[in-house]
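One structure is given below, encoded as structure tokens.
Along the sequence shown, the residues carry numbers beginning at 1.
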Amino acid sequence: MTAQPQDNDDAMEQAIRLVLAMLPQDRQARHEEIAECVDPIWRMQRSRGQQLDRDVLLKEIESRVAVWQDDSLGLKDDRNHVEWLTEAQLERNWDFWERYRRYLEDVRLMPPRVVRRLDQSTDRILRQIEDPGRPGAWRRTGLVVGQVQSGKTGNYIGFACKAADAGYKLIVILAGIHNSLRSQTQLRIDEGLLGFDTQYQQRSDQTTNTARIGVGVMPGVKRLKIASLTNSSEGGDFKQQFARNLNLPIGDYPVVLVIKKHKSILENVRKWIVEVEGVPAGDGRSKVVRDIPLLVIDDEADHASVDTTKDDDTDPSTINRSIRHLLNSFDRAAYVGYTATPFANIYIKPKAEHDTFGLDLFPESFIESLPAPSNYLGPERVFGLKATDPDDDGIKALPIFRPVDDYEAWMPRRHKKEWAPPEDLPPSLRRAIDTFILTCAARRVRGQGTQHNSMLIHVTRYVSVQNRIRDQIDEYVSLTRDRLRDGMGGEAAHTLDLLRSLWEKDFSSTSAMFPAGAASPVQWSEVEKELRPALRKIEVRAVNGSSRDALEYYEKRKAGLSVIAVGAEKLSRGLTLEGLSVSYYLRASNMYDTLLQMGRWFGYRPGYEDLCRLYTTSDLFNSYGEITAADNELRQDFAEMARLGQTPESFGLRVRASPAGLAVTAANKMRRSVKVRLSYSGELPETTVFSLHPEAVRRNFEILERFITALDEQSPEVDGTSLVWRGVSPTEIIDGFLDGYISDRGSYRVRPALIAQYIRRCIAVGELSRWTVRLVGTPIGTPRSIGAHPLRLVTRFRQDGLDSEAGRYTIKRVLSPADESRDLPDELRERALEATITARRLEADRKGKAEAFKEPTVPTGQPLRRFRPVQEPLLLIYPIEHPEAGANADLLPLVGFAISFPFSEHPTETEYVVNDVWRQLEIDIYDDEDPDE
């Protein structure tokens with residue numbers, strides 16, 4: 001009997017699965033090995049009537065095998081913790097995890113090395129919570145930090161599988177504040193942990209087979225006992241009466257709840273479990289649940305869960321109180337938060353406790369940082385990342401940013417919910433929609449026609465305005481569809497000319513900048529054939545709190561959903577836009593964590609990275625560059641403290657004192673610490689954003705000349721092309737330079753006034769008393785007199801990925817790394833270089849890149865600043881040729897600076913009041929929890 005031919009997509013998936021199974025599992029396969037495994041599988045599929053493209057199959061395998069992921073890093077506090085996992089791994093069955101692992105490898109075709117990293121990281125997290133069988137009362141609180149859209153949900157599903165295997169009997173997953181996100185999360189839990197569709201079944205031992213999905217339909221898997229009291233429908237959240245009627249045997253096998261962070265739902269869960277399983281507590285007034293270990297997994301843990309009240313004497317804020325009350329109702333409880341933006345959680349005051357609600361949610365037990373896999377399209381690749389090491393080129397931004405500057409008449413920055421946008425869409429939005437149409441067609445050419453395609457439009461927080469925009473965009477898409485329908489008319493020809501011009505000017509040139517093999521070349525003639533079918537599939541939806549529109553990715557998983565999603569807050573937190581390729585984004589916020597969470601364009605874009613586009617303003621692109629640098633700086637701090645064996649509490653203190661953490665989250669999330677401590681100990685603040693306003697340029701240059709003239713009471717040393725003054729007093733640095741310097745508003749992290757406060761605090765404890773000032777010149781720059789000294793100006797180029805921006809100039813770095821150590825004695829410089837080499841080698845080993853390691857040639861970073869004497873900071877001043885000097889030779893140079901601070905020997909953080917500083921920095925705190933959403 002002849003086998004019926006399979007669908008080509010299914011045949012390709014089967015071929016990929018078979019080839020991956022043949023490859024070595026303990027190392028990365030070589031190209032020759034992959035080719036040797038591809039050929040027999042390809043021939044076998046052809047013999048079955050499947051016309052698979054061998055080169056496409058080879059590229060698919062190589063793209064999966066080439067993906068790597070660093071090991072996770074962690075801080076922990078083992079006080080009152082009993083190590084248990086090593087022995088438990090030998091004695092217990094890990095069936096939930098094993099079938100999830102098989103599902104990821106065999107069904108989702110996840111790269112094997114990424115699955116192994118997931119196994120390791122979830123072991124590390126599980127190890128830090130208690131053995132659920134440990135007698136007596138205990139509690140553990142931790143935090144897992146990933147990246148936006150990087151796979152945190154997959155990680156906590158794996159963690160939940162292992163927790164169920166270990167013996168946790170009640171697993172509560174807190175999934176955002178909207179039904180759409182809760183429903184999406186429940187569906188992922190159904191697929192990866194439960195194995196059945198909760199809309200049709202609540203317990204795994206019910207007899208129906210039609211409801212089985214995900215891990216439940218793989219051949220040969222065990223039917224594991226597990227139940228859910230929530231389901232994946234929009235209204236499937238927890239209901240007390242339903243739970244009572246179902247009457248599950250709590251404690252016999254795992255019971256899972258996926259719930260929203262709503263006060264009434266959290267309270268209903270607590271009341272139900274206490275009513276069913278609670279026994280009188282020692283105080284005689286309340287009940288506690290004994291011997292049923294609880295695990296709470298808090299997705300987006302920085303959102304709604306953090307206590308925003310202002311002092312210890314008041315009750316905690318609503319959601320925070322409800323989560324704590326739930327944990328406090330169990331004698332055995334573990335809480336693990338997951339977030340990409342941990343700043344608010346780390347600002348929580350450790351040991352804060354309430355008589356009724358218990359301890360706050362500071363992650364005192366552990367913090368685990370999850371690096372993203374190498375195929376993740378994250379902030380560093382979208383916005384670039386400046387190098388902090390001279391032997392490192394940094395990360396160049398991908399060429400996918402398109403500036404928007406024509407929207408003000410259509411969508412003013414300040415508008416009300418009654419605003420009616422003019423009928424004519426701005427040209428940039430029309431171009432963005434056309435880009436999405438072309439992307440959908442190009443993906444069809446690449447064989448991705450049944451995959452999801454999404455476009456994000458995020459321009460207003462008001463639901464009523466979002467609905468008007470949806471109607472406008474729907475009209476534009478319908479008009480384009482109608483114009484192309486007959487294929488021969490004049491309007492069709494005109495529309496095709498516009499699309500062809502956009503393809504040739506944008507897509508062809510952009511795709512050519514991506515690495516060879518990253519994407520298959522696509523010709524216009526091929527795209528043109530797919531335009532009409534691509535357009536027929538595109539739907540326009542508003543996704544907001546009052547809209548009935550939902551994103552039906554699961555229901556349309558076979559044919560693929562193509563959708564233009566218009567929204568705001570509901571699209572900003574956790575909700576995944578499958579196949580997101582084009583984003584049109586104008587919504588501003590000055591809080592780092594809010595901006596990062598709004599970045600739905602981060603994630604995985606296999607086979608279509610080159611087709612992705614981000615349409616936004618230059619201001620927002622620049623803000624994201626600042627955020628990326630600050631976030632990376634804190635992650636580097638985390639890695640260093642992990643190597644030193646520090647605890648979460650010590651890292652919390654570090655973040656609360658770090659200039660990188662200055663504007664990372666809303667002031668109310670810093671709640672009781674209304675006074676925040678700021679430290680530049682071991683830091684290198686440097687200016688990378690400059691105002692081009694003539695008055696700011698003039699005043700900064702005048703400040704520099706006065707400062708240099710005052711220093712000339714002591715003759716400077718001439719060091720090559722630079723001038724050096726030693727033994728300068730800190731008062732001269734503050735009064736003569738910092739107090740008069742004007743920084744650009746876009747420079748969030750380098751604020752001279754705050755630096756001056758820190759220096760004054762250090763002076764009070766006898767530090768930073770002898771400064772070295774280096775005025776840096778170059779041998780070939782434009783000659784210029786500064787004070788009485790002839791000098792040649794340095795040149796700094798605009799940061800990659802940024803177009804010219806009126807009134808502002810943003811550069812990659814102001815520092816030439818070798819300058820930072822020139823003032824040190826030879827012995828200290830050599831020791832600092834050894835420390836730099838050691839630190840970089842350890843990092844290369846951890847990332848599995850030891851073979852490619854190049855020894856640094858100059859000391860840099862914190863290893864260098866650890867060897868800087870505590871009395872001897874360094875001020876580097878860079879007179880920079882004005883970027884418009886070619887057109888006007890009379891323009892004064894810009895003045896940039898960097899300060900190399902030694903590590904302080906005293907707790908010399910400068911305390912300041914958050915709200916005052918926010919006003920001083922002209923940062924507009926934006927309330928993203930708008931009632932209109």
Applying side-chain hydrogen bond (donor to acceptor under 3.5 Å, both in side chains), name anything that partners [X], two or more places apart in sequence or on another chain.
X      : value
Arg381 : Glu609
Glu578 : none
Glu475 : none
His415 : Thr460

Legend entry - ring-ring contact (aromatic ring centres under 6.0 Å, His included) involving His882 - partner list, sequence neighbours excluded: none

Legend entry - Test ring-ring contact (aromatic ring centres under 6.0 Å, His included) applied to Tyr407 - qualifying residues, sequence neighbours left out: none

With [X], which residues qualify under side chain to side chain contact (heavy atoms under 4.5 Å, CB included), at least two apart?
X      : value
Lys529 : none
Asp474 : Ser478, Val540
Glu380 : Gln147, Leu385, Ile395, Thr628, Asn632
Ser691 : His693, Ala696, Asp744

Inset, instruction - Measure the OG-CG distance between Ser454 and Leu577 for me, rounded to the nearest 0.5 Å. - result: 5.5 Å

With no hydrogens and no angle check, is any side-chain donor or acceptor of [X] less than 3.5 Å from a backbone partner on [Y]?
X      : Y      : answer
Arg446 : Pro521 : no
Glu105 : Met110 : no
Arg468 : Trp419 : yes
Ser464 : Lys417 : yes
Thr495 : Glu491 : yes

Inset, instruction - Measure centre to centre between the rings of Tyr615 and Tyr585, then say whether the value is under 6.0 Å. - result: no

Inset, instruction - Indicate, with yes or no, if the rings of Phe690 and Tyr809 have centres closer together than 6.0 Å. - result: no

Legend entry - Audit row: Phe507, Leu611, side chain to side chain contact (heavy atoms under 4.5 Å, CB included) steps and yes/no: CA-CA 7 Å; Phe507 284 84; Leu611 305 178; 3.8 Å; yes

Inset, instruction - Sort and list the pairs that fulfil salt bridge (charged side-chain N to carboxylate O under 4.0 Å, His left out) and have at least one residue in residues 422-433, not counting sequence neighbours. - result: none

Inset, instruction - Could you note down all residue pairs passing salt bridge (charged side-chain N to carboxylate O under 4.0 Å, His left out) where residues 494-508 supplies at least one of them, sequence neighbours left out? - result: Arg402-Asp506, Arg500-Glu504, Asp506-Arg613

Just so I know, are the side chains of [X] and [Y] near enough to count as touching, which here means a heavy-atom distance under 4.5 Å?
X      : Y      : result
Arg483 : Leu496 : no
Val566 : Leu456 : no
Ile457 : Ile564 : yes

Inset, instruction - Verify side chain to side chain contact (heavy atoms under 4.5 Å, CB included) between Arg485 and Arg532, making sure each step is shown before the conclusion. - result: CA-CA 7 Å; Arg485 183 170 292 157; Arg532 291 168 184 84; over 6 Å; no

Inset, instruction - Using a strict 4.0 Å threshold on nitrogen-to-oxygen distance, state whether Arg108 and Glu191 make a salt bridge. - result: no

Inset, instruction - Could you walk me through whether Trp410 and Gln472 pass the side-chain hydrogen bond (donor to acceptor under 3.5 Å, both in side chains) test, one step at a time? - result: CA-CA 12 Å; Trp410 178 72; Gln472 288 184 331; 3.1 Å; yes

Inset, instruction - Could you please spell out the steps behind the side chain to side chain contact (heavy atoms under 4.5 Å, CB included) verdict for Trp42 and Val19? - result: CA-CA 9 Å; Trp42 173 68; Val19 174; over 6 Å; no

